[in-house]
Amino acid sequence: MGHEDDQDGTGSREERVDHQSLFQALPTPVLVLDSALVIVETNEAYLTATMRRRGELVGRPLFAAFPDNPDDPSASGVRMWGASLQRVLSERVTDVMAIQKYDIPRPGGGFDTRYWAPINAPVFGPDGELRWILHRTEDVTAYVRSRRGEAAPAQDLTAELRARTEQAAAEVFARRELQQRNETLHALLDSLDTAVVGCDTTGRLVLFNEGARRLFGDVIADGVPIGHWTQLRWLFHPDGRRMRGEDVPLVRALRGEQVRDAEIMVWAPAAPRRFFRVNGRPVNGPPGLAAVVALHEVTAHRHAARYKECELEISRLTGRPDPPDEVLSDIVEVIGRTAGWVAVELWLVDDVAQVLRRATGWTEPGFDLPSPAPGPLLPGQGLAGRAWQNSEPVWAADLPADPVAAPPTGDRGPLLAALATPVPSGTAILAVLVCYSDTAEIPDDARTAIMTGVGAHIGEFLARRRAERLTTELDQSRDEYIALVGHELRTPLTSVQAYTEMMLEEPDLTAEQRSMLEVVQRNTDALRGIVVKLLDVAGMRSGHIDMHPQPMDLAPVVHAAVEAARIISTAPVSIDANTPPAAPLHGDPARLRHALDELLSNALTWATPGSTVGVNLHTDAHALTLAVSNTGSRIPADERDRLFDMFFRSDSARHGGIPGTGLGLTIARTIVEQHGGTLSVSEPGEAATTFTIRLPIHQPAPAPDPEQNDGRADGNFETTDTPFA
């Protein structure tokens, strides 16, 4: 140590330390290695302990200077020492080794058996890079031999040796305990599926487990301080925003903050986005460790939640009455935004041409849909064609290298992976949904299953809309046909009726001729009644029939209908009417009477002889309820849902010789619905068959578009009509 005057002339003196002299004077053996494990320096204590000269060591590779004893097949010194040094190089942490048997060469030849207690520690340069490794060791040979009961030379058993032996014994026990704890800690950390990362006060990593190595491999290997990770496009907020240095959970813990359930996204180059829930805290115990965090992956849970949200939104969209093209466009966008794809496209199957045509698509800003192939896709062509042909999902984990996916779909730009999911309806494929990612993907069974469910939702929507379109077209065609046939029949029937009446007025007709003409007249009247009903049904369903709603009282209408039914009925059945004194509402009296006549006719036809048909009218502040019931044959469960269908006649009616056309209940329900009400039938298991009309008291809203009416209701029995004579 020396002194020199300060150059400012104040007379103060500054101590200057001769570090080289201090290093050589250390009583503990120390060896200095560079990162290539070449010896760059050694102190006198180390030369004495190993019986070597400085020139024999400095500049030589470590294990060339200290090889294993070739005469000892169990020698493991090079392997154990090398493993410890590699841990220092890779993990940049101090490694305390257990006691090692490492023989050293004698100056005169051969090897001397020695036991050592070494420690290897990293030394960093000003730039933060690992520059050297300090290897400090203690010769504990005498201690080991004494523990084994080996005799030591008398000249060695001095008081100084005993003292050093006792000191070494204490240090060995401490080293062994520390080594065991370190090994247990490393084994425990490496067994976790959670990534654990710790840093020192400068933000440099000093602790990490196997999970962290798999997650941040390159960054950890390069020794990048945690504060610089955000500059490498690694850490993001869950919504995709770049995470600033002060937001990094480990940096927050280093500042003294307790981190609880922080969410981050790790997005390594060319790798899928992964999401983690992070917990961390500052550490005040072990030297060199200032903060630690644990990262538990929640990517699968997050994807499941997002896909569930996607399915719920799709369910909402498919319930909208908007045009199918608009709904499909919105569905594709929802899939992209909520399920985490950067581009989505939907290909529809052309049933006639048996090809796929791209119907709609969506991309995140900054991305484009793949350039389509010239013309539609054939079965097996491209990802969509392959999924269509195989009727199962198809992954392309590496689009540029996929021999099937790449050629027919042209340029894919930055899109690197895709999943094509067929959209089924039963065994038929109606469309194919193709979702793209801008990162390489590993085919995932969970995501495949979820996207299959999404495809099923879309398939159900397409099938339903197709069925609705066909039903509307069928209903429209049927109504047009009925109207056409009705008009075409009514003209000749009018002529037949007129000429029949004229012929019946002839005075010289024989009795037989008059009887035949009366049969013609009755059948013509019956046929004209059927034609009028057909025209009524067609007109009501298309909205082309006149309705005359007005303030009215339903009670007298009910009593008039009941009296008329009693007069014309030939069945041994009574009718019991129960109504309030008045039942005001807004409706068409003639049309409501017509509906009630049809229900009464149906009830009288099917009522058990000797029973009573009940007619009950109830009213409240908002609606009227009119029920017509009978205790006749029960409605078969398999016929209940078809009762209000046009022309439907039950097996009992057809095989029992009961005349009718199957139009009465259709007309009754249509009239009720034109008034904003409902007509329903009781459940098959009930004792009585009851048809119930519910009508709003006040003027109802305009009736729905009849083209949206599918011609179905809640069930029923068909009414009868006047039979031919």
Side-chain angles (χ1 to χ4, degrees), residues 522-523 525-526 529-530 532-533 536-537 554-579 589-618 624-636 639-640 642-672 679-684 686-694 713-725:
R522 287 197 303 272
N523 284 311
D525 289 342
I530 294 174
V532 170
K533 287 186 177 182
D536 270 355
V537 171
L554 188 60
V557 174
V558 171
H559 287 289
V562 168
E563 290 302 320
R566 286 172 177 160
I567 293 172
I568 65 174
S569 175
T570 60
V573 176
S574 61
I575 305 175
D576 182 19
N578 179 21
T579 69
R591 292 293 182 185
L592 292 175
R593 166 67 186 272
H594 188 179
L596 182 55
D597 286 342
E598 297 290 356
L599 296 182
L600 284 170
S601 175
N602 184 77
L604 291 169
T605 299
W606 294 100
T608 304
S611 64
T612 300
V613 170
V615 180
N616 294 283
L617 176 63
H618 301 283
L624 293 176
T625 301
L626 176 62
V628 179
S629 60
N630 70 84
T631 55
S633 301
R634 295 185 180 181
I635 303 171
E639 295 181 355
R640 183 177 181 276
R642 301 179 57 197
L643 290 177
F644 294 104
D645 287 357
M646 190 180 298
F647 304 118
F648 173 73
R649 304 192 71 230
S650 67
D651 290 340
S652 300
R654 287 185 285 107
H655 299 311
I658 298 175
T661 60
L663 291 173
L665 290 178
T666 304
I667 291 174
R669 190 199 63 173
T670 305
I671 292 172
V672 171
L679 173 58
S680 60
V681 66
S682 57
E683 296 295 331
E686 296 183 14
T689 299
T690 303
F691 288 88
T692 302
I693 295 174
R694 297 193 74 248
D714 292 337
N716 58 17
F717 228 23
E718 101 286 355
T719 187
T720 58
D721 303 291
T722 305
F724 294 153

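Atom CD of Glu598 is separated from atom CG of Leu679 by 11.0 Å, given to the nearest 0.5 angstrom. The CG atom of Asn630 sits 10.5 Å away from the CG atom of Leu600 when rounded to the nearest 0.5 Å. Rounding to the nearest 0.5 Å gives a distance of 9.0 Å between CD1 of Ile671 and CD1 of Ile693. Interatomic distance, Leu554 CG to Leu596 CG, rounded to the nearest 0.5 Å: 7.5 Å.
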Exercise for the section: Please lay out, stage by stage, how Thr612 and Ser574 fare under the test side-chain hydrogen bond (donor to acceptor under 3.5 Å, both in side chains). Expected result: CA-CA 5 Å; Thr612 300; Ser574 61; 2.8 Å; yes
Exercise for the section: Report the C-alpha distance between Asn602 and Phe691 in whole Å, list the side-chain angles of each, state the deciding distance to 0.1 Å, and finish with yes or no for side chain to side chain contact (heavy atoms under 4.5 Å, CB included). Expected result: CA-CA 10 Å; Asn602 184 77; Phe691 288 88; 3.5 Å; yes
Handout entry: side chain to side chain contact (heavy atoms under 4.5 Å, CB included) evaluation trace for Leu604 with Val613
Key = CA-CA 7 Å; Leu604 291 169; Val613 170; 4.1 Å; yes
Handout entry: Verdict with reasoning, Leu626 to Asn616, per side chain to side chain contact (heavy atoms under 4.5 Å, CB included)
Key = CA-CA 6 Å; Leu626 176 62; Asn616 294 283; over 6 Å; no
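Using modelled atom types, no side-chain atom of Ser611 and backbone atom of Ala607 make a donor-acceptor pair closer than 3.5 Å. No donor-acceptor pair closer than 3.5 Å links the side chain of Thr690 to the backbone N or O of Ser629. Looking only at distances, no side-chain donor or acceptor of Ser601 sits under 3.5 Å from a matching main-chain atom of Asp597. Judged purely by atom type and a 3.5 angstrom limit, Thr692 has no side-chain atom pairing as donor or acceptor with the backbone of Ser680.
Inspection of the His559 and Glu563 side chains reveals no N or O donor paired with an N or O acceptor under 3.5 Å.
Nearest approach of Val573 to Gly610, heavy atoms of both residues: CG2-N, 4.5 Å. Between Leu599 and Ala668 the shortest heavy-atom distance is CD2-CB, 4.5 Å. Considering all non-hydrogen atoms of both residues, Ser682 and Ala688 come closest at OG-O, 3.4 Å. Summarising the geometry of Thr608 relative to Thr631, their closest heavy-atom pair is OG1-O, 3.1 Å, with the distance given to 0.1 Å.
The number of heavy atoms from other shown groups lying within 6.0 Å of CZ (Arg566) is above 12.
In this structure, the side chains of Asn578 and Leu617 stay at 4.5 Å or more apart for every pair of heavy atoms. Counting heavy atoms from C-beta outward, Asp576 and Val615 have side chains that stay 4.5 Å or more apart.
Checked against side chain to side chain donor-acceptor pair (under 3.5 Å), His618 has no partners two or more places apart in sequence or in another chain.
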